[in-house]
Amino acid sequence: MVFRTTAVKGESRTACELLAEGSGLSKLRIKDAMQKGAVWLVRPGTSEKRLRRVSAVLRAGDVAALYYDGQLLARFPPRAECRHDAGRFSIWFKPAGLMTRARVSATTVRCCARPKFSAAEAPGLPGPSAGPRSLGLVVIAHDRAAAGALSRIFAERRVVKRYWVEIRGWIGAESASGRIDLPLDGKPAVTEYTLVSHDAAADISVVDVVMQTGRKHQIRRHFAIAGFPVMGDPSYGKDNKNATA
């Protein structure tokens with residue numbers, strides 16, 4: 001459910017009160033949703049931001065948006081593990097079931113439970129999003145300057161991002177490595193891969209993947225187009241829905 005309410009002039013009410021009144025949900029549920037990041041505030045002249053403080057009083061013209069999914073908000077995603085804390089950034093192991101960045105969506109807002117970074121609990125500015133089915137290392141900046149520097153490093157491809165992916169089928173019939181060079185959304189897209197292993201009984205290959213470009217869902221879309229869909233992918237490919245990616 002998505003519900004929005006706008007504060008009017010002359011009233012002095014909290015977002016919790018207005019959202020509960022308009023959505024029909026109890027204040028207790030609204031409070032829980034706010035604390036878990038399911039409420040966003042748009043104030044005239046400013047950018048959208050999360051609203052977690054239950055006692056926050058809205059100003060005239062403020063818009064509070066509730067993205068409510070009871071089942072999703074009841075989940076408790078696994079915790080990330082810090083592998084290296086460099087002060088202004090840190091490297092974390094992200095387990096499957098945890099997203100590194102939430103979007104304004106009822107289907108992702110709860111999965112983003114941001115971990116505590118250190119004793120100082122520095123604010124986190126995640127890098128590129130990692131979906132809930134993936135697991136591996138993520139880099140998280142602790143301030144905006146560090147986030148900008150890390151973004152430039154990734155944009156200049158000074159860091160190689162590798163992915164191990166399970167796909168349906170025997171992709172090494174012709175060669176143990178290959179390159180998928182197919183445009184996506186009208187833009188160039190290149191995915192390179194090397195076969196790591198193949199389970200003949202399950203007909204599943206594991207490939208080591210490096211993307212030379214960064215299109216939306218590039219790995220999933222490229223391998224589905226090539227006839228080797230990613231296992232567990234809910235959106236692309238056939239005969240690959242019976243395993244968790």
Side-chain angles (χ1 to χ4, degrees), residues 80 89 91-109 111-112 124-141 144 146-199 202-245:
F89 73 92
I91 299 174
W92 292 75
F93 175 77
K94 186 200 85 69
L98 177 69
M99 290 189 70
T100 58
R101 177 185 294 173
R103 290 180 171 81
V104 185
S105 164
T107 60
T108 63
V109 70
C111 294
C112 173
L125 298 168
S129 299
R133 295 177 180 81
S134 63
L135 70 159
L137 298 178
V138 294
V139 181
I140 299 182
R144 294 191 180 278
L150 288 169
S151 294
R152 288 191 294 273
I153 289 173
F154 279 99
E156 294 167 0
R157 302 198 177 279
R158 291 156 58 188
V159 175
V160 177
K161 295 183 289 183
R162 312 189 75 92
Y163 303 82
W164 275 30
V165 184
E166 287 187 341
I167 57 175
R168 169 67 72 193
W170 167 233
I171 199 170
E174 297 183 0
S175 174
S177 61
R179 175 186 176 98
I180 303 173
D181 188 346
L182 295 170
L184 295 174
D185 302 321
K187 300 178 181 179
V190 178
T191 302
E192 297 177 345
Y193 65 88
T194 300
L195 178 66
V196 175
S197 64
H198 176 67
D199 184 335
D203 194 26
I204 295 175
S205 295
V206 176
V207 287
D208 183 345
V209 177
V210 175
M211 293 191 297
Q212 297 301 328
T213 52
R215 308 306 173 207
K216 182 178 180 180
H217 300 166
Q218 179 174 314
I219 292 175
R220 296 160 54 190
R221 294 166 71 185
H222 262 177
F223 280 101
I225 293 171
F228 303 95
V230 173
M231 296 304 298
D233 188 337
S235 304
Y236 307 102
K238 298 179 180 179
D239 300 324
N240 62 326
K241 306 299 188 288
N242 61 338
T244 300

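Source: prediction; values computed, not measured.
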Examine distances only and state if a side-chain atom of [X] and a backbone atom of [Y] form a donor-acceptor pair shorter than 3.5 Å.
| X | Y | answer |
| --- | --- | --- |
| Arg168 | Met231 | no |
| Asp199 | Ile204 | no |
| Thr194 | Ser177 | no |

**Asked** In Å and rounded to the nearest 0.5 Å, what is the CZ to CG distance from Phe93 to Leu137?
**Response** 7.5 Å
**Prompt:** Rounded to the nearest 0.5 Å, what separation is found between the CZ atom of Phe228 and the CG atom of Asn240?
**Reply:**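 Those atoms lie 13.0 Å apart.
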Among residues at least two apart in sequence or on other chains, which ones pass side chain to side chain contact (heavy atoms under 4.5 Å, CB included) with [X]?
| X | value |
| --- | --- |
| Leu182 | Ile180, His222, Ile225 |
| Val190 | Arg179, Asp181, Glu192, Gln212 |
| Arg152 | Ala149, Glu156 |
| Ser197 | Val206 |

Which pair of heavy atoms, one from [X] and one from [Y], lies closest together, and at what distance?
| X | Y | result |
| --- | --- | --- |
| Arg157 | Gly214 | NH2-N, 4.3 Å |
| Trp170 | Asp203 | N-OD1, 3.7 Å |
| Pro188 | Thr213 | O-CG2, 3.8 Å |
| Val196 | Val207 | CG2-C, 4.0 Å |

**Request:** Applying side chain to side chain contact (heavy atoms under 4.5 Å, CB included), run through Ile171 and Phe223 and close with a yes or a no.
**Result:** CA-CA 10 Å; Ile171 199 170; Phe223 280 101; 3.7 Å; yes
**Request:** Name all residues meeting the salt bridge (charged side-chain N to carboxylate O under 4.0 Å, His left out) criterion together with Asp208; count only those two or more places apart in sequence or in a different chain, and write none if there are none.
**Result:** Arg162
**Request:** Not counting sequence neighbours, which residues clear ring pair (Phe, Tyr, Trp, His ring centres under 6.0 Å) with Trp164? List them please.
**Result:** none
**Request:** Mind checking ring pair (Phe, Tyr, Trp, His ring centres under 6.0 Å) for Tyr236 and listing every partner two or more places apart, or none if nothing turns up?
**Result:**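 Result, ring pair (Phe, Tyr, Trp, His ring centres under 6.0 Å) vs Tyr236: His217.
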